[in-house]
Amino acid sequence: MRRLVRGPTAVVGLAILAAFVLTAVFSPVVSPYDPTLQNLEARLSPPGSEGHVLGTDRLGRDILSRILYGSRLSLLIATSAVLISLVLGVTLGMVSGYVGGWVDDVLMRLADVQLSMPFILLVVAIIAALGASLTNTILTLGITGWVIFARVVRGEVLSLKERDFISAAHALGSPHWRIMLLHLLPNVAGALIVVATLQMATMIIVEAALSFLGLSGVPPEVPSWGQMLADGREVLFFGGWWVATFPGVAISLVVLGINLYGDTLAEALDPRSR
Amino acid sequence: MLAYVVRRLLLVAVVVWGAATLAFVLLQLSGDPLNLLLPLDATPEVRERYRASLGLDRPVLVQYGVYLLNAVQGDFGTSLRSAAPALGLVLERMPASLLLAGAGLLFAVVIGVPAGVVAALHRGKPLELGVMSLALLGQSIPVFWLGLMLILVFGLQLRVLPISGYGSAQHLILPMIALGTFTAAAIARLTRNGVLQELRSDYVRTARSKGAHGRRVVYAHALRNAAIPVVTVIGLQLGTLLSGAVITETIFAWPGVGRFVLIAVSQRDFPVVQASVVVFAALLAFVNLIVDISYLFLDPRVRYA
Amino acid sequence: MRQPLVVALSIVVLTLGMAHAQSGRMVIAQGVDATTMDPNDHRETPTGNVTANIFDPLMKRAVDGGLIPWLVTEATPIDDLTWELQLREGVTFHNGEAFDAEVAKFNFDRLTDSDAPLRTSDLWTSVSEVTVEGPYTIRVHTARPLATFLTQLTQIFMVPQTYIEENGAAHFASNPVGSGPYRFVRWARDQEVVLAAFDDYWFGAPSIQEIVFRPIPESSSRVAELVTGGVDIITNLSPEAVPLVSGSGQAVASTVPSIRNIFIVLNVTGEGPLDDPRVRLALNHAVDKDTIIRTILGGDGVANGCPLNPYMYGYVEALCDPFPFDPERARELLAEAGYADGFTFTMGSPDGRYLNDRQVAEAVVGQLAAVGVRAELRVQEWSSYVGQVLERSIPTDAWLIGWGNSQFDADNTMFSLLYGGTIEGGAPRSVFTYMYDATLDALLAEARATVDQARRAELYADGLALVRDAAPWIFLYQQVDIYGVSTRIDWDPRPDELIWAFDAALR
């Protein structure tokens, strides 16, 4: 366990992540203002004016409070989307690698099809068919993210399959599902944790990109970093650099934290570096 | 080798068919294209007349059949928005997209690989920390933020580079940096990890113990083996660079496919979306094929039956 | 950070001056590229900006919204179902082809061919036949009286018959030949459209030699190009950028009230609080339009209280005053209707379709909260949003939308948006309508079949009074279009959202 927090990068990464999670949990306590409270007369106040440490946005809402509350949404989106793609990807990747043959062919070609589909088409189709909502945005992100998990799991399973302990389990008459669940899954867990951590960072960035393109289903009164960033770009050069800058910094910081810690995890869990 | 390539090419056809079909289904789900094609107050009779003239009144399965049949012959129909062949409109924008993707990738490799090697060779020193911090930062900046900042600094304040558009080498610089930074960071990290692993491996240790010097060891052995994951990433990224350049294209008004497809999707221009998905799928499959074949040259252990 | 940027900007502007100044050339940046060069096969402003410079309409829209005879010099109603049009003589297309009655007839026939409809064909569904009466005289016969005939003539652009017959419509759509002030030179899709002055233009040679249209989707990039002299006119300047654009010394913001109104449609068909007209009036009183306009729109907007605006035929000032912002009155009305404690409803808004639309919707939600009404806002990407609106499947109880009246006539707003289809055997209700008022329907149906313009005005005035009492929408404001214009260009924007380069000159 100690390997997981060794070295300065791990400590810094973990500290950022801890701060992020704590902020998300305690945002109502630490926020100076109600994040949805508008004050049109005080819109676009620069940082430091009248109790607004980071200034106000285009509707006069306190940016600091919105960033603090926004951490909840980023956390929610990143974890749920990664969970969905993890479950999908692990299942398909495991089956693909373990069963092999035509099943493997079909599933891996499915992955290729998925990768060649413009992400936007998928997003728009889901919005049009199911409506724009937070749930559907998470769903979309989750569905698009499965391929990388599936590929990693499949690769690991392909090499594990040939090992003695799996053959032994076979010989002892363990059912396939049992082998996959009890013997294969624990052995790919390390690689999965690494990918999952890094994917969380990707999801936060992709949500921001969706907001930029006006395709995010996050309701406007709920503060989201991506939405704040997208909203502020209109005034970035002129009249309100702070509106987009601080959420941008928040995103970068958290993604940085996740990546820092993810790197440490990768090294700690990589069998070759032990 | 030849049998392998043939088999892979057949699979490419399967993937392209799959993508074409999925795109068709998604478009059907995405709603009625007539909504966006005609003025909002168009009367029902006008709408139906228009629908019939576009062949959209036929049963869905018939539309699918006709679409596949024509697509095989390279005919994706006429764009609903512009009275021009859909495939032509997509292909017309490919040079700009390929140029941007290629430049972005080149930038990423030129920056990323040396940075990774330097970091690995200076493991535990401040230089590694510096290089890797930069790489992590590069991976954590949303591309549109970076793009707008590049415009602010180089276009608005220093005024040394054009802000938007296409045509000259100068126009390429800012979009290339915006698009390539993320990949450069990813490549830097992968190269570092790869080189580190190889340096620890037995044969490099052997080479070293035989008196080969640091630099030669790196180039002759470690880098070559570390190249495999890097090539994988390059393959994956080229796909995303092509279709994922939407934001870069938007910010710098770059006339590429990504932005064009975004508009086509949001206008429900079915023929254009279908043509672009097929082009993407084929392109991506070929890139993957090339990546797999390049393993052959990079890693003597890899053999394709 | 803010101040230094301004200083840095002005220094660079001073030192570099007009880096890009090329005499005789004007670059116009819009959000998107044109989709076609066929002037009658699109309904998009960005495309119209290009084609309006290549082609001539039969009637031209004046800056005040009136009509100027253009390729039609005289239009005479023969009876309720027949118009006689005198055509301008001596007009030639850029390829030398002459414009005459045969060509005009070809143009109408092209739009009424039901096998190959164009995207403006729906304007002409009531035209039954066009006959040539002389070398420069045609008659347009309609199956039913078409009250908006004259104003619709601004939307039919003359295209050359021989050129299209010889080269085909597809070739024409990317290699246009017109009779307008500029001739087509080059179109590199998503890069630029280049037009050159047509010196033999019948109305006189244009002042600027070359016009370039460039699509620049990102608004901050458009602004950056403008203040560095890369482009000369940009569309949809954001209100927040106005002070700095004007302060750059390189460009100014130029505004004009638009033909477009922005409002929130209330879905009044269901059971619920919005069914009560007192509640709807309360909502209208609860929204502080002036503050929204002053802050979010930077002062660029005109508050209003009816579906029309002053450019439109049928507008009556007294019936269009904005509902005063009066939270007390709003509370009273809500209490009268039995909602003293307020209520909850859902509201939809697009994002980026209209100037700061989402911010406006958010501000409205904030203001309604002050009188105890909780509106839950759902923002959607435009293409799905408009699909739901048209299919009447929008999941919210209210939705924000804008309407740019292309005819400058009450009919195109009132009938399109408020006609409820209650007349037995009459036209079906319009997609936008959630108001079902038999009296209003009768007025609107009569007005559209009445050619006597004075009588039509009376009918619309009666209709406006009904609409005001029923308050089927939350009336917000008439949009003001904001353009960024380089100081080296002398040009004034127009209410119909079009950029007519003939009006522009280099200073």
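We name chains A, B, ... by the order of the sequence lines, and we start the count at 1 in each one. These numbers come from a predicted model, not from an experiment.
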**Q** Less than 4.5 Å apart, any side-chain heavy atom of A:L236 and any of A:V243?
**A**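 They are not in side-chain contact.
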**Q** My understanding is that only residues two or more places apart in sequence, or in another chain, count here; which of them pass ring-ring contact (aromatic ring centres under 6.0 Å, His included) with B:F24?
**A**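 Per chain and number, B:F24 pairs via ring-ring contact (aromatic ring centres under 6.0 Å, His included) with B:Y64, B:Y67.
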**Q** As an exercise: rank B:V14, B:L148, B:L129, B:V16 by heavy-atom pairs under 4.5 Å with chain A and give me the winner.
**A**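 Ranked by heavy-atom pairs under 4.5 Å with chain A, first place is B:L148.
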**Q** Go through the atoms of B:M149 and report whether side chain, backbone, both or neither lie under 4.5 Å from a heavy atom of chain A.
**A**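 Side chain only.
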**Q** Does B:L158 form a side-chain contact (heavy atoms from CB on, under 4.5 Å) with B:V153? I'd like the steps, not just the answer.
**A** CA-CA 6 Å; B:L158 301 177; B:V153 174; 4.0 Å; yes
**Q** Quick one: does A:R58's side chain have a donor or acceptor within less than 3.5 Å of a partner on A:D231's backbone?
**A**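 Such a contact is found between A:R58 side chain and A:D231 backbone.
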**Q** My understanding is that only residues two or more places apart in sequence, or in another chain, count here; which of them pass side-chain hydrogen bond (donor to acceptor under 3.5 Å, both in side chains) with A:R154?
**A**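 If we apply the side-chain hydrogen bond (donor to acceptor under 3.5 Å, both in side chains) test to A:R154, skipping adjacent residues, the hits are A:D104.
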**Q** Which answer fits B:R259, side chain, backbone, both or neither, if we ask what part of it has an atom under 4.5 Å from a heavy atom of chain A?
**A**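 For B:R259, there is no contact with chain A at all, as no heavy atom is under 4.5 Å.
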**Q** Show your working on side-chain contact (heavy atoms from CB on, under 4.5 Å) between A:Q199 and A:L86 and close with a plain yes or no.
**A** CA-CA 10 Å; A:Q199 275 298 100; A:L86 183 88; over 6 Å; no
**Q** Quick one: are B:E249 and B:S97 in side-chain contact, heavy atoms under 4.5 Å?
**A**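 Heavy-atom side-chain distance check passes, below 4.5 Å.
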**Q** Measuring heavy-atom distances to chain B, does A:L121 have an atom under 4.5 Å in its side chain, in its backbone, in both, or in neither?
**A**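 Interface part for A:L121: both.
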**Q** Verify side-chain contact (heavy atoms from CB on, under 4.5 Å) between B:W17 and B:L68, making sure each step is shown before the conclusion.
**A** CA-CA 9 Å; B:W17 166 77; B:L68 280 190; 3.9 Å; yes
**Q** Contact part of B:I251 toward chain A, heavy-atom cut-off under 4.5 Å: side chain, backbone, both or neither?
**A**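 Only the side chain of B:I251 comes within 4.5 Å of chain A.
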**Q** Taking side chain as everything from C-beta outward and backbone as N, CA, C, O, which of these in A:A244 sits under 4.5 Å from a heavy atom of chain B? Side chain, backbone, both or neither.
**A**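 Both backbone and side chain.
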**Q** Any non-hydrogen side-chain atom of A:S85 less than 4.5 Å from a side-chain atom of A:M203?
**A**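 A side-chain contact exists here, since the closest heavy-atom pair is under 4.5 Å.
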**Q** Which one, B:L136, B:V143, B:V12, leads in non-hydrogen pairs under 4.5 Å with chain A?
**A**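 The option with the most such pairs is B:L136.
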**Q** Using a cut-off of under 4.5 Å on heavy-atom pairs, state which of B:S266, B:A23, B:S133 scores highest against chain A.
**A**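 The option with the most such pairs is B:A23.
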**Q** Of all of A:V123, A:T245, A:V206, which one pairs up most often with chain B through heavy atoms under 4.5 Å apart?
**A**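 The answer is A:T245.
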**Q** Under a 4.5 Å heavy-atom cut-off, does chain B meet the side chain of A:I258, its backbone, both or neither?
**A**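 Answer is neither: A:I258 stays 4.5 Å or more from chain B.
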**Q** Is it the side chain or the backbone of A:I205 that comes within 4.5 Å of chain B heavy atoms, both, or neither?
**A**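 Only the side chain of A:I205 comes within 4.5 Å of chain B.
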**Q** Identify the two heavy atoms, one from A:F119 and one from A:L210, that lie closest to each other, and give their separation to 0.1 Å.
**A**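 Answer, listing the atom of A:F119 first, then A:L210: CE2-CD2, 3.8 Å.
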**Q** Just to be sure I understand the criterion: a residue of residues 139-149 of chain A counts if one of its heavy atoms is under 4.5 Å from a heavy atom of chain B. Which ones qualify?
**A**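 Listed by number, there are no contacting residues, so the answer is none.
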**Q** Measure distances from B:T21 to the heavy atoms of chain A and classify the residue's part below 4.5 Å as side chain, backbone, both or neither.
**A**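 Looking at B:T21, nothing touches chain A.
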**Q** Are side-chain heavy atoms of A:F246 and A:P47 found at a separation under 4.5 Å?
**A**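 Side chain of A:F246 against side chain of A:P47, heavy atoms only: contact under 4.5 Å found.
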**Q** Heavy-atom cut-off 4.5 Å, strictly under: side chain, backbone, both or neither for B:V273 against chain A?
**A**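 The side chain, not the backbone.
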**Q** Identify the heavy atoms of B:L89 and B:S79 that sit nearest to each other, and give their distance.
**A**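 Of all heavy-atom pairs spanning B:L89 and B:S79, the closest is CD1-CB, 3.5 Å.
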**Q** Among B:V25, B:V261, B:L262, which residue forms the greatest number of heavy-atom pairs with chain A at distances under 4.5 Å?
**A**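 Winner by heavy-atom pair count: B:L262.
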**Q** Can you name the residues that form a ring-ring contact (aromatic ring centres under 6.0 Å, His included) with B:F260, not counting sequence neighbours?
**A**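 Partners of B:F260 by the ring-ring contact (aromatic ring centres under 6.0 Å, His included) criterion come out as none, since no residue qualifies.
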**Q** Can you tell me which of A:A125, A:A230, A:S252, A:A128 forms the most heavy-atom pairs within a distance under 4.5 Å of chain B?
**A**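 Between A:A125, A:A230, A:S252, A:A128, the count favours A:S252.
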